[in-house]
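Structure incoming, see below.
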Amino acid sequence: MNTPVNVAAAQKPGKVNLLGMDRQSLEAFFVELGEKPFRATQILQWIHQRGVANLDEMTNISKELRTRLAETTEIRCPEVVLEQASDDGTRKWLLRVDTGNCIEAVFIPEPGRGTLCVSSQVGCALDCSFCSTAQQGFNRNLSVAEIIGQVWVANRALGKTPDGDRIITNVVMMGMGEPLLNFDNVVQAMNLMTEDFAYGLSKRRVTLSTAGVVPALDRLREVSDVSLAVSLHAPNDALRNELVPINKKYPIQELLASCKRYLEGKPHRRITFEYVMLNGVNDSPQLARELVRLLADVPSKINLIPFNPFPSTRYTRSSDAAIDAFRDILVKAGFTTITRRTRGDDIDAACGQLAGKVLDRSKRTARRIIPIAGVAAAPAHPCTSQ
Ligand code: SAH
């Protein structure tokens, strides 16, 4: 299970990557090969539960079938360029997805749960004014294999507890990118997260976070019922237009109407609204009261995210006093409100800080870099140029 994989070296264009196939597509694939559909569950268990990326290790699959599979398929996982561990237990993986691009996945341990934050795109097209990913612009969508590959890498590195329990209990699509703009691949990857024969997570423990792409959100309701987080960040259109420009296309009332539709037929479920706390911009008590009125009839939880600064940003983080005052107004009005603690500060693993500036960072964090077999620790990497 822990044999080192140098999967990038095994890149064979034209072959089907089994890593990125959910149960449905694997079953169809095997039926087409003239095989029984249960081969799909065997393959899923080998790849996702046992972390095996080599067909030869799949001993319950006949040699003959393995040879046939090797001709047309491969199991290609993202290559780990760098793994870092924070003093607070947060872990971060820099993964090379192609010759010019890297993405990051972050694991955040908390009492009773372990959350993996996963990216859906290289860069992002939405241009939110307080987000460092926006500064990179949009590069491309990640494939299903590249999305689920982040879970594969982290799961393989983290293993299970001594009692055999999962270490990754939750996945949040809150890394780089807008997941609803990579709809089909994200849905298929989330299918694998919740698939019993793969990662087996409950749908409530897989969260898609969106800036509010309303038509895609309405489509999501038809095909999935994962938990939903919405990056609201402002209680009125004038301010939200400035912070989250896609609001000009899909304004708040349309977004909230779509959120309510998403909850139809899902009793006891709530939407998590994310609200970044920007000093002097969106953190006044008056705006907190406006938020209370806005969300009065939407079953919601509110996550306040202290702004994580990055070079060249014009924003600063709200003071603790302002965040507490804002939270108190929401709590008094009856909203479950959590202030998200910044984690992994020392390895730049916080919300909005996931990007590819390896050179800058490696100087500060060199002592915590965990060497990966076959990967030079030197940060000379295409990501550094982005
Ligand atoms: N595109 C998705 C996922 C983005 S990242 C979305 O918009 O929801 C997840 C969260 O981090 C979003 O709420 C995003 O607005 C927030 N975020 C981005 N940059 C941030 C920063 N610098 N500080 C704090 N939160 C940030």
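As the structure lists them, so they are numbered: ligands from 1, and atoms in each ligand from 1.
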When every non-hydrogen atom of Arg66 is compared with those of Leu55, the smallest separation belongs to CD-O, 2.9 Å
Under 4.0 Å from ligand 1, counting heavy atoms only, is it the side chain of Glu178, its backbone, both or neither? both
What do you reckon, does Asn308 have a nitrogen or oxygen under 3.5 Å from a nitrogen or oxygen of ligand 1?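 Min N/O separation from ligand 1 is below 3.5 Å for Asn308.
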Under the ring-ring contact (aromatic ring centres under 6.0 Å, His included) test, which residues partner Phe107, sequence neighbours left out?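 Not a single residue meets the ring-ring contact (aromatic ring centres under 6.0 Å, His included) criterion with Phe107.
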May I ask you to check if ligand 1 and His233 share an N or O to N or O distance below 3.5 Å? yes
Step through it carefully: locate the ring centre of Phe130, locate the ring centre of His233, and say whether they are under 6.0 Å apart. yes
Is any N or O atom of Gly177, backbone or side chain, closer than 3.5 Å to an N or O atom of ligand 1? yes
With heavy atoms only and a cut-off of under 4.0 Å, state how Thr210 meets ligand 1: side chain, backbone, both or neither. backbone
Give a yes or no on whether the ring-centroid distance for Phe326 and Tyr275 is below 6.0 angstrom.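 They qualify: ring centres under 6.0 Å apart.
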Among Gly212, Cys131, Gly175, Ala211, closest by heavy atom to atom 4 (C) of ligand 1 is Gly175
Atoms of ligand 1, numbered as shown, that sit under 4.0 Å from any heavy atom of Ile305: 24 (C), 25 (N)
Does Val223 share a hydrophobic cluster with Val213, counting links as ILVMFWY side-chain heavy atoms below 4.5 Å and allowing steps through other members? yes
Met174, any N or O under 3.5 Å of ligand 1 N or O: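 In fact, backbone or side chain, Met174 has no N or O that close.
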Which residues pass the side-chain hydrogen bond (donor to acceptor under 3.5 Å, both in side chains) test with Ser209, not counting sequence neighbours? Glu274
Of all heavy-atom pairs between Arg140 and Asn101, which one has the smallest distance, and what is that distance?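 Smallest heavy-atom distance, with atoms named: NE-ND2, 4.1 Å.
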Any idea which part of Val276 is under 4.0 Å from ligand 1, heavy-atom wise: side chain, backbone, both or neither?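 Under 4.0 Å from ligand 1, Val276 contributes side-chain atoms alone.
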